[in-house]
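The structure appears below as structure tokens.
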Amino acid sequence: MADNVAQMKKSKDAIMGIDNIGFFRLLSEDHKMPAQLIPHQTSFDFDMSRDADSTATKDGSIAVPAGLETELTNEFIDAISYTSDAIATAILNGEQVEIWMVNRRRKNAQGKYFGWYIRGYVTEDSGSNDADDASTREITFNATGAPKRGWVTLTKEMEEEIDFGFRGLAAITDDDATGDGTAWTKEDTGSGELVSKDQ
């Protein structure tokens, strides 16, 4: 009990919307590829609701909860990508999909990130193509069953796709993905020195 109280007092940091990232995959491809980042996301709404029917009794009304309904709405700037095409395939063919909403700042002791996992269907795919703006799509997903909570691993490639890391000037190779560069850390503050022009 004391550990739970300590955990509740540990952090009251606000969750920022920018840190909730959507990933997607056709369920039929779960043995073929990892989940893919939805490109250029601008919003991700996650709504759970449960109606309750009220029955009048001699002692007062009794509320009987109905089934849980879950709807996700994701808006992104359209791009040529697996995810963009697969979302269209899903609604055209009525294919079941997997969606994750991952918080890239909430991490557990094992280094995994908090996430919601949903299975369901794409029920709406609406595109906006104004002449003076980027093409956008708004996707609605309806869940089958209740969403599940858990912890996921973000690979280095996924993290770089979300927010690219520092690279040096050299060519990227199989042995060195950094381009012979070293990312800045807080320990680098105030470091380095000017060298003479002759060096």
Side-chain angles (χ1 to χ4, degrees), residues 13-53 63-107 112-165:
D13 292 342
I15 295 173
M16 303 300 292
I18 194 170
D19 293 319
N20 287 317
I21 305 297
F23 289 82
F24 172 93
R25 181 172 62 197
L26 295 172
L27 182 60
S28 61
E29 297 184 342
D30 62 355
H31 283 63
K32 300 177 184 176
M33 61 167 50
Q36 303 293 306
L37 179 71
I38 299 173
H40 312 304
Q41 297 169 55
T42 56
S43 68
F44 195 170
D45 297 327
F46 178 31
D47 299 311
M48 292 187 287
S49 63
R50 189 189 295 273
D51 291 334
D53 296 325
V64 179
L68 180 69
E69 295 182 5
T70 305
E71 182 179 274
L72 293 89
T73 305
N74 187 286
E75 186 171 342
F76 61 93
I77 297 173
D78 205 4
I80 299 173
S81 70
Y82 160 85
T83 310
S84 295
D85 290 343
I87 288 171
T89 298
I91 193 168
L92 286 169
N93 298 341
E95 287 196 43
Q96 196 168 16
V97 303
E98 299 175 290
I99 309 104
W100 292 259
M101 185 172 73
V102 178
N103 188 289
R104 60 179 175 175
R105 287 189 60 220
R106 185 176 178 182
K107 191 186 290 190
K112 293 190 174 186
Y113 296 87
F114 176 79
W116 286 94
Y117 171 70
I118 299 98
R119 283 189 188 180
Y121 294 89
V122 180
T123 56
E124 187 174 350
D125 184 349
S126 177
S128 178
N129 300 284
D130 296 336
D132 60 347
D133 207 349
S135 177
T136 61
R137 285 171 59 193
E138 184 173 323
I139 312 301
T140 302
F141 304 97
N142 280 94
T144 300
K148 306 296 188 289
R149 288 175 289 184
W151 303 91
V152 303
T153 298
L154 287 180
T155 65
K156 184 177 180 181
E157 291 76 14
M158 289 173 174
E159 289 182 346
E160 288 183 352
E161 195 174 4
I162 295 168
D163 186 9
F164 61 85

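Numbers here are sequence positions counted from 1. Only heavy atoms go into these numbers, but all of them, side chains included; no hydrogens, no water, no symmetry mates.
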### Candidate pair F23 and Q36, rule side chain to side chain contact (heavy atoms under 4.5 Å, CB included), full reasoning
CA-CA 5 Å; F23 289 82; Q36 303 293 306; 5.8 Å; no
So which atom in [X] and which in [Y] form the shortest heavy-atom distance, rounded to 0.1 Å?
| X | Y | result |
| --- | --- | --- |
| V97 | A90 | CG1-CB, 3.5 Å |
| A35 | M158 | O-CE, 3.6 Å |
| I91 | D125 | CD1-N, 3.8 Å |
| R105 | D19 | CD-OD2, 2.9 Å |
| Q41 | L37 | NE2-CD1, 3.6 Å |

A side-chain contact here means heavy atoms from C-beta on lying under 4.5 Å apart; do [X] and [Y] qualify?
| X | Y | answer |
| --- | --- | --- |
| Y82 | L26 | yes |
| L68 | R50 | yes |
| L72 | I99 | yes |
| F24 | I87 | yes |
| Y121 | Q96 | yes |
| T73 | S43 | no |

### Message
Between T89 and E95, does the side chain to side chain donor-acceptor pair (under 3.5 Å) criterion hold? Intermediate values first, please.
### Response
CA-CA 8 Å; T89 298; E95 287 196 43; over 6 Å; no
### Task
Applying side chain to side chain contact (heavy atoms under 4.5 Å, CB included), run through M48 and T70 and close with a yes or a no.
CA-CA 4 Å; M48 292 187 287; T70 305; 3.7 Å; yes
### Message
Go through it in stages, so that I can follow the logic: the residues are E75 and T136, the test is side chain to side chain contact (heavy atoms under 4.5 Å, CB included), and I'd like the CA-CA distance, side-chain angles, deciding distance and then a yes or no.
### Response
CA-CA 7 Å; E75 186 171 342; T136 61; 4.3 Å; yes
### Task
May I ask you to check whether R119 and Y117 show a side-chain donor-acceptor distance below 3.5 Å?
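Short answer, yes.
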Under the 3.5 angstrom rule, does the side chain of [X] hit a backbone N or O of [Y] as a donor-acceptor pair?
| X | Y | value |
| --- | --- | --- |
| S84 | A79 | yes |
| S135 | N129 | no |
| E124 | V122 | no |

How long is the gap from [atom1] on [X] to [atom2] on [Y], to the nearest 0.5 Å?
| X | Y | atom1 | atom2 | result |
| --- | --- | --- | --- | --- |
| I77 | S128 | CD1 | OG | 11.0 Å |
| T83 | I38 | OG1 | CD1 | 6.5 Å |
| E71 | D47 | CD | CG | 6.5 Å |

Ignoring hydrogens and angles, write down the donor-acceptor pairs under 3.5 Å from the side chains of residues 138-150, residues two or more places apart or on other chains.
from: N142; atom 1: OD1; to: T123; atom 2: OG1; distance (Å): 2.8
from: K148; atom 1: NZ; to: A146; atom 2: O; distance (Å): 2.8

### Query
More than 12 non-hydrogen atoms from neighbouring residues, nucleotides or ligands closer than 6.0 Å to CD on E69, yes or no?
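Open: at most 12 neighbouring heavy atoms sit under 6.0 Å from CD of E69.
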### Query
If you count the non-hydrogen atoms of other residues, nucleotides and ligands that lie under 6.0 Å from CD1 in I80, is the total more than 12?
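Not buried by this count: 12 neighbours or fewer within 6.0 Å.
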### Message
Run the salt bridge (Lys or Arg N to Asp or Glu O under 4.0 Å) test against E98 and tell me which residues pass, sequence neighbours left out.
### Response
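Result, salt bridge (Lys or Arg N to Asp or Glu O under 4.0 Å) vs E98: R25.
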### Query
Partners of N103 by side-chain hydrogen bond (donor to acceptor under 3.5 Å, both in side chains), sequence neighbours excluded?
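side-chain hydrogen bond (donor to acceptor under 3.5 Å, both in side chains) check on N103 returns N20.
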### Query
Parallel under 30°, tilted from 30 to 60°, perpendicular over 60°: which one fits the rings of W151 and F114?
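It falls in the perpendicular class, over 60°.
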